[in-house]
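Here is the naming used below: chain letters follow the sequence lines, and residue numbers restart at 1 for every chain.
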4 protein chains.
Amino acid sequence: MRIGVLTSGGDCPGLNAVIRSVVHRATADHGDEVIGFRDGWKGLLECDYRKLDLDAVGGILARGGTILGSSRVQPAHLRDGVERARGHVAELGLDAIIPIGGEGTLKAARLLSDAGLPIVGVPKTIDNDIAVTDVTFGFDTAVGVATEALDRLKTTAESHQRVMIVEVMGRHTGWIALHSGMAAGAHAIVVPERPFDIDELTARVSERFEAGKKFAIVVVAEGAKPREGTMPFDIGGKDMYGHERFAGVARQLSVELENRLGKEARPVILGHVQRGGTPTAYDRVLATRFGWHAVEAAHRGDFGMMTALRGTDITLVPLAEAVETLKTVPAERYDEAECVL
Amino acid sequence: MRIGVLTSGGDCPGLNAVIRSVVHRATADHGDEVIGFRDGWKGLLECDYRKLDLDAVGGILARGGTILGSSRVQPAHLRDGVERARGHVAELGLDAIIPIGGEGTLKAARLLSDAGLPIVGVPKTIDNDIAVTDVTFGFDTAVGVATEALDRLKTTAESHQRVMIVEVMGRHTGWIALHSGMAAGAHAIVVPERPFDIDELTARVSERFEAGKKFAIVVVAEGAKPREGTMPFDIGGKDMYGHERFAGVARQLSVELENRLGKEARPVILGHVQRGGTPTAYDRVLATRFGWHAVEAAHRGDFGMMTALRGTDITLVPLAEAVETLKTVPAERYDEAECVL
Amino acid sequence: MRIGVLTSGGDCPGLNAVIRSVVHRATADHGDEVIGFRDGWKGLLECDYRKLDLDAVGGILARGGTILGSSRVQPAHLRDGVERARGHVAELGLDAIIPIGGEGTLKAARLLSDAGLPIVGVPKTIDNDIAVTDVTFGFDTAVGVATEALDRLKTTAESHQRVMIVEVMGRHTGWIALHSGMAAGAHAIVVPERPFDIDELTARVSERFEAGKKFAIVVVAEGAKPREGTMPFDIGGKDMYGHERFAGVARQLSVELENRLGKEARPVILGHVQRGGTPTAYDRVLATRFGWHAVEAAHRGDFGMMTALRGTDITLVPLAEAVETLKTVPAERYDEAECVL
Amino acid sequence: MRIGVLTSGGDCPGLNAVIRSVVHRATADHGDEVIGFRDGWKGLLECDYRKLDLDAVGGILARGGTILGSSRVQPAHLRDGVERARGHVAELGLDAIIPIGGEGTLKAARLLSDAGLPIVGVPKTIDNDIAVTDVTFGFDTAVGVATEALDRLKTTAESHQRVMIVEVMGRHTGWIALHSGMAAGAHAIVVPERPFDIDELTARVSERFEAGKKFAIVVVAEGAKPREGTMPFDIGGKDMYGHERFAGVARQLSVELENRLGKEARPVILGHVQRGGTPTAYDRVLATRFGWHAVEAAHRGDFGMMTALRGTDITLVPLAEAVETLKTVPAERYDEAECVL
């Protein structure tokens, strides 16, 4: 068999572990040939690739990033490229393509699969928001990095009698905020799924101080939004350069809380450290299993599918289902955390 | 409600997180009172306990060990103590007991439950060998510690052209060996479930050297045993003091491999570092959820049960089922790892 | 002897290790009594303190923050309080006061010492900018945290072909930037000691891309400033709320570099994680030695002095010298780093 | 200029950082050519080398081990090879050789230097026992790894009321034991410099238990020896295979303490994890500076010298002095630690 693999979308710890696993299983066990397309779908569309043998994937299991590079490709651009992709697949004699990526990538994968290309997807997102799998690799690493930062910030907040507003990743869902907040014992967690009320948040922190505590840690997902009509200022406004990205929710919350509470409040935006670097053991194992099962699916001819974790098993689910709904944090998980607003 | 909590058996990262979660949920949300028995079942039998309020569990979420202490109690001793335990439960006016522990603890829990005491168990084992739950807290931390050590040993082995035999925990099952070995890219994994053949192991390492590689990492679970008749020496023999515990499988394998391969082989026994210290974020979240759901079960009167993870949900399973079978590593997981002997 | 200890100024990993060491040496070895003033000089001025015995400092060696709390006190305020401080010292029968703090704290220490109070200072700053000591505790931890973040960011930058501008602490000196930048192999380091020229920075990053590299990491100290007349925009301007603190150099550099290079550039501001959490082994040892020697100095009557590291020895230097000059990064250290602008 | 570099002796975190620094400074700044000999002196004697340019050292700064490989060569063997080495140096047109290694390597370096070869040594030992430099790289990483393990073991010991005997590296000196023991708050530290008395050790641990403490941590350097006549058994005896290396001091102390105290005692031998893996930021900076200054020394013609850290400066010391005496832990450092026997 001849297999093409590619990584697409934002960085995610574990990408290299999937690539390595695909190459190991395919070449060492099945005697397949594997090539890797450079920079995601772009590599397929432009027929830019390299051969991947055992040596090529030596030592990459624990390395962050992706040895293949990545890029974001516009869906429209890909739609126009279906015939070109088909041509390259034929030309290269590929029997299977294994794209590793998030929501956008999987939508693209479905498009190509519907057009008849032999695709087995591997889901990837640090946000953990793909509904058909229990977890995605990268999430555990992101939560671990955020939790370690929160552990560190706690002692500073305590010694200095401060409110720390810590912004973690999660544009549409609050999984990283929920898990890191629970793991670090945050005093309030603000998630995109439940628009927040600044009065409630202030009251919660205020109660804590009234009970004699000297600091508070608030974890907020970057995509958190105020309940309509409850915030006196415009979250998401532009900065002095007209760039939207600089106006973060943590920064604005810290100003607002400082004004309302009369206590020092400081924003910390963890940013890209959450999505880079060596993956946790958990993510390496999950990524390795995904890669192994993707190759098996290809050999069985199970195309148009995506690997998924269900309980302790790796299963396959149709690509069509994979991207239908976002996996948001369910309300019962808020209760367990006890501090989601 | 009045709830008694205790921790029993070997150390396990996440115990304090469960205790904290029980206290938070019970006292802050339900208005319950919580007491903690000292040193496991011993505390219940001797009525040795302390009050646990929010202050008592402040700052313990990320701390290893157990603030309540632990001990191993003989089943026979406990059997004789049932009436005493019942008396103390009545005397203290307890409505529920939440024991947190491994196989032995859960068996004891079942015994007391069968005797009519109101018990909700919380499973705990770094070995991950309890069948009715997908995972137990402590396992992820143990795998993480072992993987970090393996990552470090790899560069040393490589620079010095050596075989490293790394012994990890797992007396009856190979879960830690399997996951840390997969996560670190070990070249051979030896687990208790599949007695090993020293000739096969030698051959595997030897092939690697013949292929031009300059080192090999072998991960072996402490409980690994040679296939009957295949090992020329007695694994598990006693040391010069007559202590069994000093004769480890890694040490004996390294002698044997060095003799057979003519390459330096070095044993490393990770030991107790795997079960101590701050839990990973994963284990803290799981432990917190277990504690929360144990309190809920108590309030619903769901006694004789144990918390368990199934997929992403926390469920309850009868204590009777909990300890029936050991969860061993299934054969298909060996295949995925590609290097289990 | 009766000794009072206090911690003042910003958080710094190792404060608790000093406190513990003072208490161990003084009480266990000398039979002294130790009290700890709450919240820095404030505690001395308001006679707010607690007794510190061995139990009080149990388990704090590895903990971040300070069990005594801290605050920043205005020099003028302290000047007015000298007589009050003297009164409290007499009232409490104190034979020595050990203040642990940075530049401001040491200036205050000198003031009180000049007024005749028996003071032995312990220097503290993550910035490493106190001239009379080779290093201060806290610095190694800050550099370690920053380096770990840089290690993580590197793989992300590489996979996504980006420039990452990482802002680390250092308002007046570039020590953290220099060491973390060297440790992580940054491609440019920008320090306050040497005002930067945006054209030069652009040229350096540009050359890297022209040489075929796909990413660049720039480490910038928060206090870095453009060479006069070279920056088209105003670094340090105010944000939409009129707060200075939100206008960081990393954010502005990333906008500027993105515009000039036509490559994605992203700012990451590490912030308070650098000054909180468990200290490195290096910082714990240094802090412990400082505490031990401060007690010895007190017993010898060496007042008006401060502990310092010189080579491998702990020595004492006059408080008067301690705060005279800031220790800036010398030019020859730039050369070694090879990438300081 | 043409420079040859080699790494020799045991693994040590920071070796790659030196190699990288030598190559960067020499090739990028001076326009030199650099070659790396494979497997230490062996590579020089057998003229086995590879070219080292900027690409060859890309990404190795944070990696443990050595990309050049290492080996231990017998001094006698090297003595016989001086002429061969001289011949290869001439043949390859080398203007300088930079050997990176420990005591044995530096002795060999001196031998070749005395024979007229142009040598600038770089000292390397995790044991920190080279007298003419304040610190050697690798030491900080080893201490950090040991401290992290001790932190983890503490919670386990505490929960289970145990004595933990933790064996760290240090055959002739107790630096790692001293620093990790101080950093982790060990209750007794046993070093090779001061032969221990088992009665004293027992008494110290015993006192602790009598004072109501429930556990104790003893750190022991692998080279620790009993005071003559004080130990009832033979430390360093052979195991069942006749191998000396398996009879560690920690194992024997734990048996002895368990017998004498009637408390569970457990040995943990940290082993090779201390000398592998990614170096700390401290070690990366020190290693980088050593490499840079070695190249500068070569360009100045300062041969027969070795780089050294004195305070915050990198200096050069004659190779002749470098290996004269071992740097042992001085008595005053025991006092500071307060628990060295």
Side-chain angles (χ1 to χ4, degrees), chain A residues 7 10-13 15-16 39 63-72 141 145 148-162 164 166 214-215 233-234 237-241 243 245-247 251-252 254-256 258-259 266-278, chain C residues 7 10-13 15-16 39 63-72 141 145 148-162 164 166 214 233-234 237-241 243 245-248 251-252 254-256 258-259 266-278:
Chain A
T7 53
D11 197 15
C12 183
L15 288 171
N16 281 328
D39 299 334
R63 213 184 299 162
T66 159
I67 57 165
L68 293 177
S70 180
S71 67
R72 296 180 197 268
T141 303
V145 169
E148 205 183 307
L150 287 166
D151 282 353
R152 286 203 170 272
L153 291 168
K154 236 176 165 173
T155 59
T156 284
E158 193 169 7
S159 303
H160 289 82
Q161 314 195 5
R162 259 182 201 161
M164 287 280 188
V166 186
K214 302 201 154 173
F215 73 105
F233 57 86
D234 181 29
K238 299 181 181 174
D239 73 359
M240 71 189 90
Y241 302 99
H243 286 253
R245 65 181 173 203
F246 290 162
R251 233 168 276 130
Q252 302 188 50
S254 74
V255 174
E256 197 63 25
E258 186 160 314
N259 288 343
R266 287 284 176 277
V268 176
I269 294 104
L270 294 183
H272 288 86
V273 285
Q274 295 163 84
R275 63 184 328 131
T278 192
Chain C
T7 52
D11 198 13
C12 183
L15 288 171
N16 281 326
D39 299 334
R63 214 184 297 162
T66 160
I67 58 165
L68 293 177
S70 180
S71 66
R72 298 180 195 267
T141 304
V145 169
E148 204 183 308
L150 287 166
D151 283 351
R152 286 203 171 273
L153 291 168
K154 237 176 163 173
T155 58
T156 284
E158 193 169 6
S159 304
H160 290 82
Q161 315 196 4
R162 258 180 201 163
M164 287 279 188
V166 186
K214 303 203 153 171
F233 55 87
D234 181 29
K238 298 180 180 174
D239 73 356
M240 70 188 92
Y241 303 98
H243 287 253
R245 64 179 173 205
F246 291 162
R251 231 167 279 129
Q252 301 188 48
S254 75
V255 173
E256 197 63 25
E258 185 160 315
N259 289 343
R266 289 281 177 277
V268 175
I269 293 104
L270 294 182
H272 289 85
V273 283
Q274 293 163 85
R275 65 185 323 132
T278 192

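- From A/E158, atom CD reaches atom CZ of C/R63 across 8.0 Å, with rounding to the nearest 0.5 Å.
- The contact between A/L153 and chain C is made entirely by side chain atoms (from C-beta outward), counting heavy-atom distances below 4.5 Å.
- Between A/L15 and the choices A/I67, A/L68, A/T66, the side-chain contact (heavy atoms from CB on, under 4.5 Å) rule is met once, by A/T66.
- Scanning both residues, C/V273 and C/L270, for their nearest heavy atoms gives CG2-O, 3.0 Å.
- Taking C/S159, C/A157, C/G65 one by one and counting their heavy-atom pairs under 4.5 Å with chain A, the maximum is reached by C/S159.
- With a 4.5 Å cut-off on non-hydrogen atoms, A/Q274 does not touch chain C at all.
- With a 4.5 Å cut-off on side-chain heavy atoms, C/P267 and C/R251 count as touching.
- For chain C, the nearby parts of A/T278 are the backbone and the side chain; heavy atoms of each come within less than 4.5 Å.
- Using a 4.5 Å cut-off between heavy atoms, A/S71 makes no contact with chain C at all.
- In terms of heavy-atom pairs under 4.5 Å with chain A, the best-connected choice from C/P13, C/S70, C/G69 is C/S70.
- With rounding to the nearest 0.5 Å, the separation of CZ in A/F215 from CE in A/M164 is 10.5 Å.
- In this structure, chain C has no heavy atom under 4.5 Å from any part of A/N16.
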Next on the checklist: Does C/R152 form a side chain to side chain contact (heavy atoms under 4.5 Å, CB included) with A/H272? I'd like the steps, not just the answer.
Outcome noted: CA-CA 8 Å; C/R152 286 203 171 273; A/H272 288 86; over 6 Å; no

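- Contact annotation for A/V145: only side-chain heavy atoms (C-beta onward) come within less than 4.5 Å of a heavy atom of chain C.
- The main-chain N or O of C/D11 is found under 3.5 Å from a side-chain atom of C/R275 such that the two form a donor-acceptor pair.
- If you tally non-hydrogen atom pairs under 4.5 Å between each of C/V166, C/L150, C/T156 and chain A, the highest count goes to C/T156.
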